[in-house]
2 protein chains.
Amino acid sequence: MRLTAEDLTTRARIRDAAIGLFGRDGFGPATVRAVASAAGVSPGLVIHHFGSKAGLREACDQHVLAQTASQGKEKTDPATTRQLIQDYLNHPDQYADEIAYIRRSLGDESEAGDAFFDAVVRQTQDVIEAGIAAGTIREFDDVRSTAVVVASNSLSMLMLGRHLSRALGADVIEPHGIGPELLRQLTVPALDIYTNGFYADSRFLDAARDALQQDTNNQGREHAP
Amino acid sequence: MRLTAEDLTTRARIRDAAIGLFGRDGFGPATVRAVASAAGVSPGLVIHHFGSKAGLREACDQHVLAQTASQGKEKTDPATTRQLIQDYLNHPDQYADEIAYIRRSLGDESEAGDAFFDAVVRQTQDVIEAGIAAGTIREFDDVRSTAVVVASNSLSMLMLGRHLSRALGADVIEPHGIGPELLRQLTVPALDIYTNGFYADSRFLDAARDALQQDTNNQGREHAP
DNA sequence: ATCGCGATTGAACAAGTGTTTAGTGTATGA
DNA sequence: TCATACACTAAACACTTGTTCAATCGCGAT
């Protein structure tokens with residue numbers, strides 16, 4: 001259950017307003033005055049509570065990170081995955097602010113973004129290893145790199161959500177880009193590739209292996225003049 | 001061949017400096033003064049040539065878009081793809097500025113970013129359809145959506161390059177994140193998934209199809225209270 | 001009742017922003 | 001030769017930014 005704004009302490013109200021504005025406008029463009037106004041408070045009070053704009057952002061980082069770390073610890077089996085999908089489809093804008101905030105953190109280089117990305121990769125790797133053990137996921141030569149690729153692919157929806165909706169000609173542009181309409185159109189094609197592959201045979205894979213092998217031989221001179 | 005800074009007209013020098021700074025620092029943080037300084041010129045001259053900072057950005061958008069549209073029209077068959085990979089591996093920082101700039105454009109909502117994303121999707125779809133005709137790529141129920149997914153996955157490397165290098169423990173942090181070291185580690189795992197799939201069977205795909213089918217039935221009430 | 005202390009505000013400040021303006025050269029064409 | 005146009009600069013302007021400061025407000029403890 002989400003607390004309404006009136007139930008929160010002023011400090012928390014400011015922080016939540018900041019999370020919303022930081023996520024929507026970015027850390028630079030979102031001004032202290034705008035945050036204060038959104039929280040129904042004076043700009044000075046924002047500084048009084050958080051010391052500086054950087055301090056405010058730090059508090060937002062910690063809060064969002066803690067918020068997202070608490071959930072998403074137990075999604076390993078297909079049943080729970082389906083549960084999560086349906087849950088998100090029914091409450092689309094429940095985590096909208098956090099999602100937008102994380103997107104900004106991943107784009108704008110920051111420790112919070114690093115931590116979040118690492119957490120996603122770690123969790124992805126756990127899921128893969130559990131899936132391999134359970135026989136639901138293939139075995140890979142390099143599980144770590146595979147986890148990074150899969151995590152990157154997943155997060156691309158977060159980073160490019162706006163473009164995805166646009167490219168699919170969404171009737172309504174969803175608040176932060178990623179929404180039910182989007183998932184409904186992209187989940188099956190994505191899982192289709194993950195299930196049946198994309199290429200018809202291993203020609204591309206072999207070609208890439210050749211190219212990289214050949215490159216490894218010339219590894220001495222990185223930057224050719 | 002790339003022209004050196006001295007050979008360019010002042011206007012072009014300013015524009016190139018702006019592309020570099022916009023890509024490195026972002027459109028907001030990169031100041032007119034910084035651009036002017038990087039181009040060895042006074043701030044007023046920047047405005048004199050481009051009317052405003054927005055006009056400067058527009059010129060940069062057009063230039064980068066034209067630059068990237070000229071290349072990347074003929075990469076359809078595996079041989080050319082390998083050629084491109086090797087070419088990029090040998091000249092890593094040739095297009096570094098453009099890559100960083102495009103990354104910013106895709107993140108910061110802008111017409112240029114939209115145009116670039118659409119171009120990538122369109123090109124991806126062309127490649128897929130050509131591949132299907134040639135028998136190198138599987139057939140899909142929804143080619144358009146598949147193209148969007150593949151394009152999104154590809155661009156994730158661009159958007160998250162910094163995190164990818166970090167997560168893979170790159171010895172040296174590449175200038176804009178994506179570089180030879182990164183490609184060498186991620187190309188094969190990525191193509192492995194695209195070739196042999198990720199899941200061991202179609203259980204996840206079926207589960208997702210069920211969930212979405214079930215959701216389509218309840219489509220009337222979007223936001224459950 | 002009053003003291004004290006944190007929450008809160010409104011106004012101000014210093015720094016940085018994009019932009020303007022007046023002025024200086026410096027070519028080129030009449 | 002001169003005048004016009006253009007590239008270019010230095011300084012200033014108007015504005016926004018984050019932050020500070022003095023002054024209240026409200027409330028619990030003494």
Side-chain angles (χ1 to χ4, degrees), chain A residues 3-63 101 104-105 107-112, chain B residues 3-63 101 104-105 107-112:
Chain A
L3 284 70
T4 75
E6 291 75 27
D7 296 334
L8 295 173
T9 157
T10 302
R11 196 189 132 96
R13 242 175 45 234
I14 296 175
R15 170 182 36 84
D16 284 2
I19 291 175
L21 285 185
F22 282 158
R24 188 159 64 82
D25 303 335
F27 297 104
T31 72
V32 171
R33 281 175 174 80
V35 170
S37 168
V41 127
S42 77
L45 191 60
V46 176
I47 303 296
H48 170 71
H49 274 300
F50 298 93
S52 67
K53 187 182 182 180
L56 172 60
R57 173 174 181 177
E58 219 166 304
C60 293
D61 283 349
Q62 283 185 242
H63 185 255
Y101 188 93
R104 294 290 184 189
S105 296
D108 176 311
E109 49 194 295
S110 69
E111 290 187 19
Chain B
L3 285 71
T4 76
E6 291 75 28
D7 296 334
L8 295 173
T9 159
T10 302
R11 195 188 134 97
R13 241 177 44 237
I14 295 174
R15 185 206 48 209
D16 284 2
I19 291 175
L21 285 185
F22 282 159
R24 189 161 62 82
D25 302 335
F27 297 105
T31 72
V32 171
R33 281 174 174 80
V35 170
S37 169
V41 125
S42 75
L45 191 61
V46 176
I47 303 295
H48 170 72
H49 275 299
F50 298 93
S52 66
K53 187 181 182 181
L56 172 60
R57 174 175 181 177
E58 219 167 305
C60 294
D61 283 348
Q62 282 184 243
H63 185 255
Y101 189 92
R104 294 289 185 190
S105 296
D108 178 309
E109 49 193 294
S110 70
E111 290 187 19

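Letters A, B, ... are given to chains in the order of the sequence lines, protein chains preceding strands, and every chain is numbered from 1.
When the salt bridge (Lys or Arg N to Asp or Glu O under 4.0 Å) test is applied to A:D16, no partner is found at least two apart in sequence or on another chain. Looking at residues two or more places apart in sequence or on another chain, you find no ring pair (Phe, Tyr, Trp, His ring centres under 6.0 Å) involving A:F50.
Ring geometry for B:F27 against B:Y101 counts as perpendicular: the plane angle is over 60°, on a 0 to 90° scale with 30° as the lower cut.
When all heavy atoms of A:G23 and A:R104 are compared, the pair lying nearest together is O-NE, 3.1 Å. Contact between A:P29 and A:D25 at its shortest, heavy atoms only, is CG-O, 3.2 Å.
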* To do: Do nucleotides 4-19 of chain D as a string where each nucleotide becomes B, S or -: B if the base has a protein heavy atom under 4.0 Å, S if just the sugar-phosphate does, - if no protein is that close.
  => ---SBB--B----BBB
